[in-house]
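Worth knowing before you read on, the calculation uses all heavy atoms, side chains too, and leaves out hydrogens, waters and symmetry mates.
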Number of protein chains: 2
Amino acid sequence: MNIGEASKASGVSSKMIRYYESIGLISEPLRTESGYRIYSDKDVHALRFVSRARDLGFSVDQMGDLLALWRDRSRASADVKAIALRHIEALEQKAQALQAMSHTLKHLADNCSGDGRPDCPIIEEFAEGAAMSQNNGRRPRFGVTGTDAVAAGQA
Amino acid sequence: MNIGEASKASGVSSKMIRYYESIGLISEPLRTESGYRIYSDKDVHALRFVSRARDLGFSVDQMGDLLALWRDRSRASADVKAIALRHIEALEQKAQALQAMSHTLKHLADNCSGDGRPDCPIIEEFAEGAAMSQNNGRRPRFGVTGTDAVAAGQA
DNA sequence: GCTTGACCTTCCAACGATGGGAAGGACTAT
DNA sequence: ATAGTCCTTCCCATCGTTGGAAGGTCAAGC
């Protein structure tokens, strides 16, 4: 199976397969004499594993850990569960942060007439506002890293 | 006021102030003879505006639009509201995507004994699982872009 | 005046995950 | 043989942000 077929079979783009290989997440496959990568069913299985973990928002690092546990037949399920629970925690935290923003903004929007007049509590809040609700003063300085598997759609 | 003072007064790091200037989000400030940037209270006001919009997850592009509306004293509040509503929509969508992942994972984790035995539905789902709940088949291929103002904490 | 330290300047690189594209070789079907 | 589709490697862009290097400037203390 060449990379294109493996891609279709796994749902991971050829680009990403090469990338995952380059960073050592997956092992280097065999090659034909002319240099084409050849994938076994086993390889595709691993790729599907990665694909599904990715869809649940796991980072490449976490996927590495999960793959190692997958291959370790003497693993303790507690180790897998620990990774999952930590990730759930992070997901919830991010979701809550997003919703806190959404709610703050919704309150402002609710008080905005949304007509032709210039007066707008949204703009006013940005211009004069005190600290934004959440996070009581400590400026969060965000920047989603790692589990950024969101924004479905026109990616 | 030099950039360090403006940074403290606005909550935007010096690095980001220079960056926002470089991409044209904020205007170039005056300079001392030796080249130091000097900021007026007005400039700091704009920086604070940016800071607060950023905390609500607006992208740089959106902030540009908001700044333009802010400066436009004949703006229609409807225009501001429209940006806000679109953003609320996006925030909600992302939050829901994160929570869908969280829930899926939680179900799996709930069925994982989390002890010393290797059997683990989480790993099994990744290895054999069918399509992941959400998004009925269409693989989302995530990657938060734009409104990535999440992941509070150790940034 | 001179040194020290804290600031400022510009430029370049990195992160994470992904896509785009160029230049060139390999394969397949007609 | 030739066209078309695939593969290869390489570099670049994204988005927002931080880090660092190399060098200039300023204010305070001696």
Side-chain angles (χ1 to χ4, degrees), chain A residues 1-8 11-26 28-39 47 50-51 53-64 90 94 139-155, chain B residues 1-8 11-26 28-39 47 50-51 53-64 90 94 139-155:
Chain A
M1 204 178 322
N2 65 25
I3 200 171
E5 292 164 323
S7 169
K8 267 173 213 148
V12 180
S13 72
S14 305
K15 283 267 182 193
M16 289 314 295
I17 294 176
R18 293 194 196 96
Y19 172 68
Y20 290 148
E21 178 191 332
S22 80
I23 60 171
L25 179 65
I26 57 176
E28 299 188 12
L30 297 173
R31 300 271 187 149
T32 65
E33 287 196 7
S34 54
Y36 281 27
R37 289 170 178 80
I38 36 182
Y39 294 90
L47 284 171
V50 164
S51 172
R54 189 81 202 94
D55 281 353
L56 286 179
F58 285 98
S59 70
V60 167
D61 271 2
Q62 289 172 314
M63 290 194 292
K94 284 173 195 177
R139 310 196 74 262
R141 203 59 300 164
F142 297 114
V144 174
T145 35
T147 316
D148 272 359
V150 187
Q154 76 300 22
Chain B
M1 205 180 320
N2 65 25
I3 199 171
E5 292 164 322
S7 169
K8 267 172 213 149
V12 181
S13 73
S14 305
K15 283 269 184 193
M16 289 314 294
I17 295 176
R18 293 194 197 97
Y19 172 69
Y20 289 148
E21 178 191 331
S22 80
I23 60 171
L25 179 65
I26 58 175
E28 298 188 12
L30 296 173
R31 300 270 189 149
T32 65
E33 287 196 4
S34 54
Y36 282 26
R37 287 170 178 81
I38 36 182
Y39 294 90
L47 284 171
V50 165
S51 171
R54 189 83 201 94
D55 281 352
L56 286 179
F58 285 98
S59 71
V60 167
D61 270 3
Q62 288 172 314
M63 290 195 292
K94 284 172 195 178
R139 308 197 74 261
R141 204 60 299 168
F142 297 114
V144 173
T145 36
T147 316
D148 270 1
V150 186
Q154 75 300 22

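- Toward the 5′ end of DNA chain C lies the nearest nucleotide of K8(B), the other residue of the pair R37(B) and K8(B) mapping further downstream.
- Rounded to whole Å, the distance from NZ on K15(B) to P on dC7(C) is 15 Å.
- Considering only side-chain atoms of R54(B), the nucleotide from dT18(D), dG16(D), dT10(C) that sits closest is dG16(D).
- What separates CG of N2(A) from C1' of dT28(C) is a distance of 12 Å, to the nearest Å.
- Taking only side-chain atoms of Y19(A), from C-beta outward, the nucleotide of dT10(C), dT17(D), dT18(C) with the closest atom is dT18(C).
- In this structure, Y39(A) places its OH atom 10 Å from P of dC7(D), rounding to the nearest Å.
- Residue S13(A) has a polar side-chain atom (N or O) positioned under 4.0 Å from OP1 or OP2 of dG19(C).
- L25(A) has its CG atom 11 Å from the P atom of dT18(C), to the nearest Å.
- The S34(B) side chain lies nearest to dC26(D) when the options are dC26(D), dG19(D), dG19(C).
- Between G35(A) and T32(B), it is G35(A) whose nearest contact on DNA chain D lies nearer the 5' terminus.
- Atom-to-atom, CG of L56(A) to C1' of dA17(C) comes out at 17 Å; the value is rounded to the nearest Å.
- In this structure, of dT17(D), dT8(D), dA17(C), it is dT17(D) that holds the atom nearest to the side chain of M16(B).
- Remark: the backbone N or O of V12(B) is not paired with any side-chain donor or acceptor of S51(B) at under 3.5 angstrom.
- Mapping I23(B) and E5(A) onto DNA chain D via the closest heavy atom, the residue that lands nearer the 5' end is E5(A).
- No side-chain donor-acceptor contact under 3.5 Å links R18(B) to the backbone of S22(B).
- Partners of E21(A) under the side chain to side chain donor-acceptor pair (under 3.5 Å) rule, at least two apart in sequence or in another chain, are R37(A).
- Per the geometry, CD belonging to E21(A) stands 14 Å off P belonging to dC7(D), to the nearest Å.
- For dG24(D), the base has a donor-acceptor partner in the side chain of Y36(B) [N/O atoms by modelled type, under 3.5 angstrom].
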> Can you check side-chain contact (heavy atoms from CB on, under 4.5 Å) on V60(B) and Y20(B), steps first, answer last?
Replying inline: CA-CA 8 Å; V60(B) 167; Y20(B) 289 148; 4.1 Å; yes

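- Straight-line distance from the CD1 atom of I38(B) to the P atom of dT9(C): 11 Å, rounded to whole Å.
- I17(B) has its CD1 atom 12 Å from the P atom of dT17(D), to the nearest Å.
- Taking only side-chain nitrogens and oxygens, Y20(B) comes nearer than 4.0 Å to OP1 or OP2 of dT17(D).
- Residue R18(B) is in base contact, counting any heavy-atom pair closer than 4.0 Å across all strands shown.
- For S34(A), the side chain to side chain donor-acceptor pair (under 3.5 Å) partners at least two apart in sequence or on another chain are T32(A).
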